[in-house]
J.: 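I have a structure I would like to understand better, so I am pasting it below and will then ask my questions one at a time.
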Amino acid sequence: MKCIVDCNSFYCSAERLFRPDLLRKPVVVLSNNDGCIISRTDEAKAFGVGMAGPYFMAKPLIDKYGIEVFSSNYNLYGDLSMRVMDTLRTLSPSVEVYSVDEAFLDLSHIDPKEIPAYSMHIRKTVEQWTGISVSIGVASTKTLAKAANHLAKKNKAATQCVYILADAVQEQKALQQLRVSSLWGVGRAYAQKLENLGIVSAWDLRNMSEEWAYRQLGGVVGARLIRELRGQPSIDMRDPLESKKMIATTRMFGDPVNNITDIKEAVATYTSRAAEKLRRQQSAASMISVFIVAKEEDHMADFHRGNSISDYTTLPSATSATHRLIKPAVEIVDRLYETGTWYKKAGVMLSGLVPDDSIQANLFAAEQVNEQRLLMDMVDNVNFSMRDDVIKFASSGTKRDWKMRQALRSPRYTTRWDELFEVK
DNA sequence: TCTGGGGTCCTAGGACCC
DNA sequence: TCTGGGGTCCTAGGACCC
């Protein structure tokens, strides 16, 4: 059996951990730049606060009901996420971290009769060890486990946050209750298409043929979805050692920017960030692309499809050295930038990733390459152990007008000595 | 006035090769 | 003057996820 463990309102729960006064109060957490609501507690939801909606639109509701608001604090969430995942790894030999707040567990080592008790044990252990409450779904496939999890969350009181689909009868009952739109793998576009075709419940979809799904729902992906819904495992557990195939760092600016120096500073900074991620997984990149997005005049326009222009450079040889990536990145900015235009966002993407050959003392690499790698390791270590970016490249700038807004961030209780939680 | 960031997989279609 | 079939590699774009 496959099990999904999902932290309840993760970012909000993380904030509450250090603010027990907010325990049963409505709380929301905002995206970078304080733009959207990306996490909300059940209490906030009950007041009608929507998910992923713009903050400014929910503001009246938030003020009216005195909802507590936080800017996102990724240092805190990342640290708590690690603790949750470490706990899960003591409970199953096979754990796939699916996102910052979710993991799949293989429970084939547990006797089927023991699964309800074991699931409850997982939930209680994580809560006791980390203070984070989780919801659990268990079923024969990942997709059905996600569906079970959805039902566990929908009625926390009755399910105690655990829902198990042990046989075909329970699967049918569950799928009949779910709309297609809440299935894992069915997004907005497909949900609309399916409902137009009169396929409303997850059970309706389960009863369509694989060939039909192949034609209507994106080829092999659609056919696989049908098999999963029928209880035929078709999405395997992923190898935890797999590394990323692309690394990106992209941000909205705090305020729109119209001079090339600011944009180059931002791009240099994002490149440093991306290069750190690259070195962490011991890869080197052979291609770098940069995009910048102009601020559109029409605010009603679909903001996700802004006027993005991009270009890329293929590097003479794969590298993970920050300075060798920054140079081509800012050269791309020169090609893209148009005088007089206001820009609101930029991003850097590293691809064509290969294992880094220049790691530590590689006897076969030129001495100079090893030196670069050692320098980078040193920079990473200092930046990790001290504060953000104690050491940075001059091209990243020092004043950073384009930096994002984070007006309401909580202290980094668990990762900064000077922001530790104080007990009086 | 104000709408996030970081990923994955898949398909279609063009360029090129023999 | 006529002009096949099969394969690979690449990019762009669409769909999805949290």
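Proteins get letters first, then strands, A, B, ... in listed order; numbering begins at 1 in each.
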J.: On DNA chain B, compare the nucleotides closest to A:Arg224 and A:Arg251; which residue's is nearer the 5' end?
T.: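 On the 5' side of the pair lies A:Arg251.
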J.: Who are the ring pair (Phe, Tyr, Trp, His ring centres under 6.0 Å) partners of A:Tyr55, not counting sequence neighbours?
T.: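 Ring pair (Phe, Tyr, Trp, His ring centres under 6.0 Å) check on A:Tyr55 returns nothing, list empty.
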J.: Atom CZ of residue position A:Arg24 - does it have more than 12 heavy atoms of other residues, nucleotides or ligands inside 6.0 Å?
T.: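 Atom CZ in A:Arg24 is not packed in, count stays at 12 or less.
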J.: Of the candidate nucleotides C:dC18, C:dA15, B:dT3, which contains the atom at the shortest distance from the side chain of A:Trp184?
T.: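 Comparing C:dC18, C:dA15, B:dT3 against the side chain of A:Trp184, the answer is C:dC18.
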J.: Between A:Arg238 and B:dT8, is there a contact of a side-chain N or O with OP1 or OP2 at under 4.0 Å?
T.: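 No.
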J.: With a non-hydrogen cut-off below 4.0 angstrom, is A:Lys59 in contact with a base, only sugar-phosphate, or nothing?
T.: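 Here A:Lys59 touches no strand at all.
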J.: Regarding A:Asn33, tell me which of base, sugar-phosphate or nothing describes its non-hydrogen contacts under 4.0 Å with the strands shown.
T.: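 No contact at all - A:Asn33 keeps every heavy atom at 4.0 Å or more from the nucleic acid.
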J.: Measure from the side-chain heavy atoms of A:Lys244 and tell me the nearest of B:dG4, B:dG7, B:dC2.
T.: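 Looking only at side-chain atoms, A:Lys244 lies closest to B:dG7.
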J.: Would you say A:Lys245 reaches B:dC9's phosphate, i.e. side-chain N/O to OP1/OP2 under 4.0 Å?
T.: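 So the side chain of A:Lys245 is within the cut-off, an N or O lying under 4.0 Å from OP1 or OP2 of B:dC9.
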J.: Assign each of A:Ile247 and A:Val220 to its nearest nucleotide of DNA chain B by heavy atoms, then name whichever residue's nucleotide is nearer the 5' end.
T.: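 The answer here is A:Ile247.
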J.: Of all the nucleotides listed (C:dC16, B:dG7, B:dG6), which has the minimum atom distance to the side chain of A:Thr249?
T.: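 The listed nucleotide nearest to A:Thr249's side chain is B:dG6.
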J.: Within the structure shown, what part of the strands sits under 4.0 Å from A:Phe10 by heavy-atom distance: base, sugar-phosphate, or nothing?
T.: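 No contact.
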J.: With sugar-phosphate meaning primed atoms plus P, OP1 and OP2, does A:Leu217 contact a base, only sugar-phosphate, or nothing at under 4.0 Å between heavy atoms?
T.: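 Nothing: the residue A:Leu217, judged by heavy atoms under 4.0 Å, touches no strand.
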J.: Can you list every ring-ring contact (aromatic ring centres under 6.0 Å, His included) pair that touches residues 199-225 of chain A, not counting sequence neighbours?
T.: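 Checked against ring-ring contact (aromatic ring centres under 6.0 Å, His included) - neighbours excluded - no pair reaches residues 199-225 of chain A.
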J.: For A:Tyr98, which contact category applies under a 4.0 Å heavy-atom criterion: base, sugar-phosphate, or nothing?
T.: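 Counting heavy atoms under 4.0 Å across all strands, the contact made by A:Tyr98 is with sugar-phosphate only.
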J.: Got a sec: does the NZ of A:Lys156 have more than 12 other heavy atoms crowding it under 6.0 Å?
T.: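 Atom NZ in A:Lys156 is packed in, count exceeds 12.
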J.: Just call it for A:Asp34: base, sugar-phosphate, or nothing, with non-hydrogen atoms closer than 4.0 Å on any strand.
T.: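 Nothing, no nucleic acid heavy atom in range.
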J.: Let me know the distance between CD of A:Gln192 and P of C:dC16, rounded to the nearest Å.
T.: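 For the pair A:Gln192 CD and C:dC16 P, the rounded distance is 11 Å.
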J.: Could you tell me whether the phosphate oxygens of B:dG6, OP1 or OP2, come under 4.0 Å of any side-chain nitrogen or oxygen in A:Thr250?
T.: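 Result: yes.
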J.: Hey, is the side chain of A:Lys295 poking within less than 4.0 Å of OP1 or OP2 on B:dC2, counting only N and O atoms?
T.: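 Yes.
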J.: Measuring to OP1 and OP2 of C:dC18, would you say a side-chain N or O of A:Lys146 lies under 4.0 angstrom away?
T.: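 True: A:Lys146 side-chain N/O within range (under 4.0 Å) of C:dC18 OP1/OP2.
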J.: Quick one: label A:Leu350 by what it contacts on the DNA or RNA (base, sugar-phosphate, nothing), any heavy atom closer than 4.0 Å.
T.: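 Nothing, no nucleic acid heavy atom in range.
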J.: Can you measure A:Lys153 atom NZ to C:dC18 atom P for me and round it to whole angstrom units?
T.: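 A:Lys153 atom NZ is separated from C:dC18 atom P by 10 Å.
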J.: Verify the neighbour count for atom CD of A:Gln177: are there more than 12 heavy atoms of other residues, nucleotides or ligands below 6.0 Å?
T.: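 Count over threshold, so yes.
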J.: Could you give the NZ-to-C1' distance, from A:Lys344 to B:dG4, as a whole number of Å?
T.: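 Rounding to the nearest Å, NZ of A:Lys344 and C1' of B:dG4 are 11 Å apart.
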J.: For the pair made of CG in A:Asp6 and P in C:dC17, what is the distance, rounded to whole Å?
T.: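 These atoms are roughly 14 Å apart.
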J.: Picking from B:dG4, B:dG6, C:dC18, which would you name as closest to the side chain of A:Ser31?
T.: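 Taking heavy atoms from C-beta onward, the closest nucleotide is B:dG4.
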J.: Determine, using ring centers only, whether A:Tyr190 and A:Trp184 are less than 6.0 Å apart.
T.: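 So the answer is no for these two rings.
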J.: Mind calculating the distance between CG (A:Leu225) and C1' (B:dC10) to the nearest angstrom?
T.: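 Distance check: A:Leu225 CG to B:dC10 C1' gives 15 Å.
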J.: Return no unless some side-chain N or O of A:Tyr312 is found under 4.0 Å from OP1 or OP2 of C:dT11.
T.: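 Answer yes for this pair, as a side-chain N or O of A:Tyr312 is under 4.0 Å from OP1 or OP2.
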J.: Taking NZ, NE, NH1 and NH2 as the nitrogens, is one of them in A:Arg412 or A:Glu419 under 4.0 Å from a carboxylate oxygen of the other?
T.: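 Judged by the 4.0 Å cut-off on N to carboxylate O distance, A:Arg412 and A:Glu419 do form a salt bridge.
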J.: In dot-bracket form, 5' to 3', how is DNA chain B paired? Count Watson-Crick and G-U wobble pairs only if both distances fall under 3.5 Å, and write | where the partner sits on another strand.
T.: ....||||||||||||||
J.: Rounded to whole Å, please give me the gap between CE in A:Met246 and P in C:dC16.
T.: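 Between P of C:dC16 and CE of A:Met246: 18 Å.
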J.: Go through C:dA15, B:dG7, C:dC18 for me and flag the one nearest to the A:Lys277 side chain.
T.: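 Between C:dA15, B:dG7, C:dC18, the one nearest the side chain of A:Lys277 would be B:dG7.
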J.: Is any side-chain N of the basic residue among A:Glu171 and A:Arg230 closer than 4.0 Å to the acidic one's carboxylate O?
T.: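 No, A:Glu171 and A:Arg230 are not salt-bridged.
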J.: Could you work out the separation of C:dG4 and B:dC16 based on their C1' atoms and round it to a whole Å?
T.: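 16 Å, rounded to whole Å.
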J.: CZ of A:Arg40 versus C1' of B:dG4: gap in Å, rounded?
T.: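 Distance check: A:Arg40 CZ to B:dG4 C1' gives 16 Å.
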J.: Just call it for A:Val100: base, sugar-phosphate, or nothing, with non-hydrogen atoms closer than 4.0 Å on any strand.
T.: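 No contact.
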J.: So, A:Lys327 and A:Glu331, do they make that salt bridge, N to O below 4.0 Å?
T.: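 Looking at A:Lys327 and A:Glu331, the cut-off is met.
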J.: Are A:Gln406 and A:Ser71 close enough, and set up right, to give a side chain to side chain donor-acceptor pair (under 3.5 Å), and what steps lead you there?
T.: CA-CA 6 Å; A:Gln406 275 197 319; A:Ser71 300; 5.7 Å; no
J.: Which nucleotide in the list B:dG6, B:dT11, C:dC17 gets nearest to the side chain of A:Ala248?
T.: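 Given the options B:dG6, B:dT11, C:dC17, the side chain of A:Ala248 is closest to B:dG6.
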J.: Nearest whole Å is fine: how far is B:dG6 C1' from A:Tyr270 OH?
T.: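 About 14 Å, once rounded to whole Å.
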